[in-house]
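Proteins come first, then strands; the chains are lettered A, B, ... in the order of their sequence lines, and each starts at number 1. Note that the coordinates shown come from a computational prediction; the quantities given were computed from them, not determined experimentally.
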Number of protein chains: 2
Amino acid sequence: MLLAVDCIIFGFDGQDLKLLLIQRGFQPRKGEWSLVGGFVQPDESADAAAARILKKLSGLDGIYMEQLHTFSHPQRDTVERTVSVAYTALIDLQKFKQHLHEDFHAVWFPINQHPELIFDHQLMVNKAKEQLRYKAALHPLLLELMPSKFTIPQLQQLYESVYNSEFDKGNFSRKILSTKLLVKLADKDKLNSKKGAFYYRIDRKRYDANKQAFLNFVPDPKI
Amino acid sequence: MLLAVDCIIFGFDGQDLKLLLIQRGFQPRKGEWSLVGGFVQPDESADAAAARILKKLSGLDGIYMEQLHTFSHPQRDTVERTVSVAYTALIDLQKFKQHLHEDFHAVWFPINQHPELIFDHQLMVNKAKEQLRYKAALHPLLLELMPSKFTIPQLQQLYESVYNSEFDKGNFSRKILSTKLLVKLADKDKLNSKKGAFYYRIDRKRYDANKQAFLNFVPDPKI
DNA sequence: GCAAAAGTGTTTCACATACACCCATGT
DNA sequence: ACATGGGTGTATGTGAAACACTTTTGC
């Protein structure tokens, strides 16, 4: 039996939530699209394999990554029985873009508009999206997707694209700021409005201390 | 490489939260304590293997079970490399007790007072407890542990033993009842008090429809 | 009658929502 | 000046928490 990892890698470019896919350069199913993945080596854990693969792809360390679920249907891989441990990764797309390892033929797709995937990878993506929505409603997780400097309206756009709905800007801003997880910077982003919106950065210390605390980020849908 | 499943089985006897462990009847480490587990067969998924093992042990179908996490450290099993997919199961201890399959040498231990476990099973238990606390704060999950007839104070005892703290009985009762997940029965339990507490049962229809809704079961600790 | 646990009532407070309004600035 | 998006102020309502109180029953 083979053990593999597959990574559902989410990125945000300031507009839309994206998903990183690779076009397989090898058989079987060469040319088709799949998640970034690879086999777990005899001397490493699945966690280590996922970290290794992400590092090779991006050149970056310290990317947010979390085990999602293990997929083990006996016929999930058509060639040989392979169990796959799926991981979700969240990364700031700007940083990533510059370093994408070319060997992978990796492409960012809008989250709701990507090619068909091989094996059970679509199941994995669905589960990852579901879990992202779940977690982001309770934890300040989506900050992991933001660049080092960002505005509150940009962050709101990310939330709105994750939840496919619109939030009140005033309430959103207050809620985010009430966590005290952000530090206001002196300068403004003037690209998206005339008035300009202040930049913020994550207060890493507070963020690391509070990220697993329950915080209510998403408004209740009034039915 | 071998693929195994291990089950963290929680039970509630009306007083304390318990954990089911087995004394190994085979080498290696015969006589030591471990979680209930087994190997995944070539023609089954990990989910199916966990369900099969639990069924064999208990004789029961339809027990609540959920994949917890996959443990894959290369040296986690001292004999041969074995990756284990861990599952959490919640079951009504009264039902279970009667049917425990004797081959397993299974014993219920109080959750905070059990023997040392082999391999990384203690890690699994810790993670399962953590996840149980997390989920039960948001979902009516702990109802899975209750017998077919139970009182609100009994349920409160379960919550209190999961969270190691005491809740206000009035607020607890209102909160649970506000979910509309319980149906009041005509008779009372008079063993635990003179006045007696009404029995309730789960409204299965509503429960199945609402179990993944966000509900706030656990009072915020005021620091 | 009294003790003990079940269950109800009530006050208080925090906070989410909705939405009106003001602010800063590029054109 | 005015349109545009950023940001603040504020009224309203809901619901959690705290805790006093009533109810029921066995002894």
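Considering only side-chain atoms of A:Asn171, the nucleotide from C:dA18, D:dC19, D:dG6 that sits closest is C:dA18.
Following rounding to the nearest Å, B:Lys169 (NZ) and D:dC21 (P) show an atom-to-atom distance of 14 Å. Put simply, CG on A:Asp168 is 11 Å from P on C:dA20, counting in whole angstrom units. A:Lys184 has its NZ atom 14 Å from the P atom of D:dG6, to the nearest Å. Here D:dT8 presents its P atom at 14 Å from CD1 of A:Ile176, a figure rounded to the nearest Å. Atom-to-atom, CZ of B:Phe172 to P of C:dA5 comes out at 17 Å; the value is rounded to the nearest Å. Distance B:Phe198 CZ to D:dT25 C1': 13 Å, rounded to the nearest Å. Atom CZ in A:Phe217 sits about 14 Å away from atom P in C:dC15, given to the nearest Å. For A:Asn216 and D:dT14, the CG to C1' distance is 14 Å, given to the nearest whole Å.
Ring orientation note: the planes of A:Tyr134 and B:His139 are close to parallel, at an angle under 30° on the 30°/60° scale.
A donor-acceptor contact under 3.5 Å links the side chain of A:Arg174 to the base of D:dG9. Taking only distance into account, the side chain of B:Asn192 never meets the base of C:dA5 through a donor-acceptor pair shorter than 3.5 Å.
Rounding to the nearest 0.5 Å places CG of A:Leu132 at 5.5 Å from CG of A:Leu142. Distance check: A:Phe167 CZ to A:Ile176 CD1 gives 9.5 Å after rounding to the nearest 0.5 Å. From A:Lys180, atom NZ reaches atom CG of A:Leu177 across 9.0 Å, with rounding to the nearest 0.5 Å.
Minimum interatomic distance between B:Ile202 and B:Leu182 (heavy atoms only, all atoms of both residues): CA-CD2, 4.1 Å. Considering all non-hydrogen atoms of both residues, B:Leu57 and B:Ala106 come closest at CD1-CB, 4.2 Å. A:Phe217 approaches A:Leu138 most closely through the heavy-atom pair CD1-C, 4.2 Å. Here the closest non-hydrogen pair linking A:Ile8 and A:Ala86 is CD1-CB, 4.0 Å. Annotation for A:Ser84 and A:Val5: closest pair OG-C, 4.0 Å, computed over non-hydrogen atoms.
A:Leu35 places none of its side-chain heavy atoms less than 4.5 Å from the side chain of A:Cys7.
Summary for the helix from C:dG1-D:dC27 to C:dT27-D:dA1: the axes at its two ends, each from 5 pairs, differ by 20° when rounded to the nearest 10 degrees.
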Any N/O pairs under 3.5 Å between the protein and nucleotides 22-27 of chain C? List them or say none.
residue, atom, partner, partner atom, Å
C:dC23, O2, A:Lys195, NZ, 3.1
C:dT25, O4', A:Lys194, O, 3.4
C:dT25, O3', A:Lys194, O, 3.4
C:dG26, OP1, A:Lys190, NZ, 3.3

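Remark: the backbone N or O of B:Arg24 is not paired with any side-chain donor or acceptor of B:Glu32 at under 3.5 angstrom.
A heavy atom lying under 4.0 Å from DNA chain C marks the following residues of residues 144-167 of chain B, by number: B:Pro153.
Counting heavy-atom neighbours within 6.0 Å of A:Lys127 NZ, excluding the residue itself, gives a total of 12 or less.
At the heavy-atom level, B:Lys175 lies under 4.0 Å from the strands shown only through sugar-phosphate atoms.
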